2 protein chains.
Amino acid sequence: MALLSVDHERWSGARRWEVMLLAKQSVAKGRARFRREAPEDRRRQLGEAALRCIVKHGNAGVSVRQIAAEAGVTQGLITHHFGEINELVAYAFDIMSAGILQVLMKGVEEAEPTPQKRLDSFIELSFSPLLFDRDVLGVWVVFWGLILHSPRMSASQQGEYSDYVVTVEGLLRDLAQDEGFSIGDIRLTAIAFTALLDGLWLAWCLNPASFKPEQGVQLCRNWVEGLRRGAYG
Amino acid sequence: MALLSVDHERWSGARRWEVMLLAKQSVAKGRARFRREAPEDRRRQLGEAALRCIVKHGNAGVSVRQIAAEAGVTQGLITHHFGEINELVAYAFDIMSAGILQVLMKGVEEAEPTPQKRLDSFIELSFSPLLFDRDVLGVWVVFWGLILHSPRMSASQQGEYSDYVVTVEGLLRDLAQDEGFSIGDIRLTAIAFTALLDGLWLAWCLNPASFKPEQGVQLCRNWVEGLRRGAYG
DNA sequence: AGAGAAATTATAAGATCGTATAGCAAGAAA
DNA sequence: TTTCTTGCTATACGATCTTATAATTTCTCT
């Protein structure tokens with residue numbers, strides 16, 4: 001899980017440097033000076049290092065030098081694998097997007113197979129520490145800034161957003177069908193629910209004192225209650 | 001109006017440079033080489049230049065050199081008036097926040113004095129080209145990024161957000177009282193509505209094809225309808 | 001064991017960044 | 001007209017950035 005690996009490795013800086021030191025020691029003993037890895041693996045390592053840098057320094061963390069240092073490699077390796085740094089960031093965005101949607105879908109699939117429980121699982125997971133996290137938003141804000149100015153990033157975003165909305169759409173449709181209420185425009189309604197989730201995430205991360213995650217869950221349930229009562233019919 | 005001035009002056013670059021050229025010509029004729037302005041005025045000019053730079057280049061626009069060039073002054077002037085650049089950015093944030101809330105409140109006050117019309121005016125204005133604008137979000141996203149990493153910016157944000165929520169709270173309270181329905185926790189409910197607005201703003205700016213501003217208005221009205229039907233009681 | 005492919009390092013060049021400092025000059029006051 | 005305050009310019013320094021290039025090293029494959 002991409003997201004988890006980011007969180008886990010955030011605190012493993014020490015271990016990371018130990019590894020490097022060991023590597024340098026082993027040079028003196030005639031061992032390998034660096035590890036040669038499969039491009040696929042290295043690309044992912046660099047992508048995750050980029051995410052860690054962004055978590056730590058925000059926009060300032062988007063830098064070839066910092067990311068290379070974080071990954072424990074030299075700068076040239078980023079050029080070698082990604083050409084320009086924007087490509088690395090876009091790749092990191094894809095990793096993160098996929099990770100988040102995967103976390104959510106896994107939770108939904110593990111819930112009891114009723115539309116109510118599935119949607120509720122989706123909501124609760126959205127407000128769990130795994131996603132409802134300042135650091136996660138910090139990464140996302142950087143991405144938003146890039147999306148607005150980079151066609152490459154924008155293209156990725158459109159796909160990810162579409163997938164997300166379609167997922168929400170399915171959850172809402174199933175609920176409406178099961179409970180027998182009607183929704184005028186399901187796609188639009190899913191967009192609104194998505195917006196509510198994102199807006200609460202944003203508000204809480206920027207101002208954690210304003211409400212508690214559980215209250216966020218409640219507000220989403222209230223929204224669903226409005227849906228039940230036909231406000232979106 | 002801060003926001004308007006940003007929008008207006010975005011297209012007045014040519015005029016701005018003409019002024020500079022004239023100023024330089026006049027040097028040859030022995031006239032003033034630069035204008036000496038009151039600190040208050042100059043600070044505002046620099047703040048608005050900063051906003052224009054952010055609109056144009058996003059995070060990359062936050063640069064002493066670029067902002068000074070945009071304002072038609074030398075770099076040292078920013079140091080002189082603000083000390084460090086973060087202070088200028090925070091000032092620009094305050095300008096912009098005040099401008100947005102002012103636009104909204106002016107619209108509300110100009111609406112017919114019924115709770116329904118006032119809230120609806122607030123909603124429609126939120127989705128008008130003045131605020132529902134890619135460039136405006138672009139500026140905001142940069143601010144969000146800074147808020148997450150700067151206590152100074154965070155302090156400003158807490159105040160602005162609080163004002164905003166209190167405003168929404170008042171609009172909702174008046175509506176509930178007038179129509180005789182109940183709201184469990186008005187502050188929380190106002191937070192949810194604010195989140196919905198921000199979320200829709202964000203979604204549309206990142207993906208303008210996903211829905212039309214009028215549809216955003218409708219989704220907000222639907223949310224209010226859910227409120228009426230007691231979903232937040 | 002040895003050769004070849006390519007992953008990785010090493011190094012440099014050129015921009016741009018933020019900030020500090022010293023001196024100039026605009027415009028009000030006398 | 002002359003003085004004085006201070007807004008403003010001019011310039012420099014050191015750090016950091018991106019990107020390009022060539023040399024080196026690892027590791028697989030035969």
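So that the names make sense, note that chain A is the first sequence line, chain B the second, and so on, each numbered from 1. Only a predicted model underlies this, so the values are computations on that prediction, with no experimental measurement involved.
Heavy-atom distances under 4.0 Å link DNA chain D to no residue of residues 138-146 of chain B.
Taking atom CD of residue A/Glu40 and atom C1' of nucleotide C/dA7, one finds them 15 Å apart after rounding to whole Å. A/Phe82 has its CZ atom 13 Å from the P atom of C/dA7, to the nearest Å. What separates CD of B/Glu87 from C1' of C/dG18 is a distance of 15 Å, to the nearest Å. Protein atom CD1 of A/Ile78 is 11 Å distant from nucleotide atom P of C/dT9, rounded to whole Å. Atom CG in A/Leu88 sits roughly 11 Å away from atom P in D/dT19 (whole-Å rounding).
Under the ring-ring contact (aromatic ring centres under 6.0 Å, His included) criterion, the residue pairs touching residues 54-82 of chain B are B/Phe82-B/Tyr91, with sequence neighbours excluded.
Not a single donor-acceptor pair under 3.5 Å links the side chain of B/Glu37 to the backbone N or O of B/Arg43. Panel note: side chain A/Ser210, backbone A/Asn207; a donor-acceptor pair is recorded below 3.5 Å. Remark: side-chain polar atoms of B/Thr167 are paired, donor with acceptor, to backbone N or O of B/Asp163 under 3.5 angstrom.
Residues A/Trp223 and B/Phe193 place their aromatic rings such that the two centres sit no closer than 6.0 Å.
Between B/Thr79 and the phosphate of C/dT19, there is no side-chain N or O to OP1/OP2 separation shorter than 4.0 Å.
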- Item | Base versus backbone protein contacts along nucleotides 3-9 of chain D [heavy-atom cut-off under 4.0 Å; B, S, -] | --BBBSB
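Salt bridge present: A/Arg44 and A/Glu48 bring a charged side-chain N and a carboxylate O closer than 4.0 Å. Between B/Glu70 and B/Arg52 a salt bridge is recorded (basic side-chain N to carboxylate O distance below 4.0 Å).
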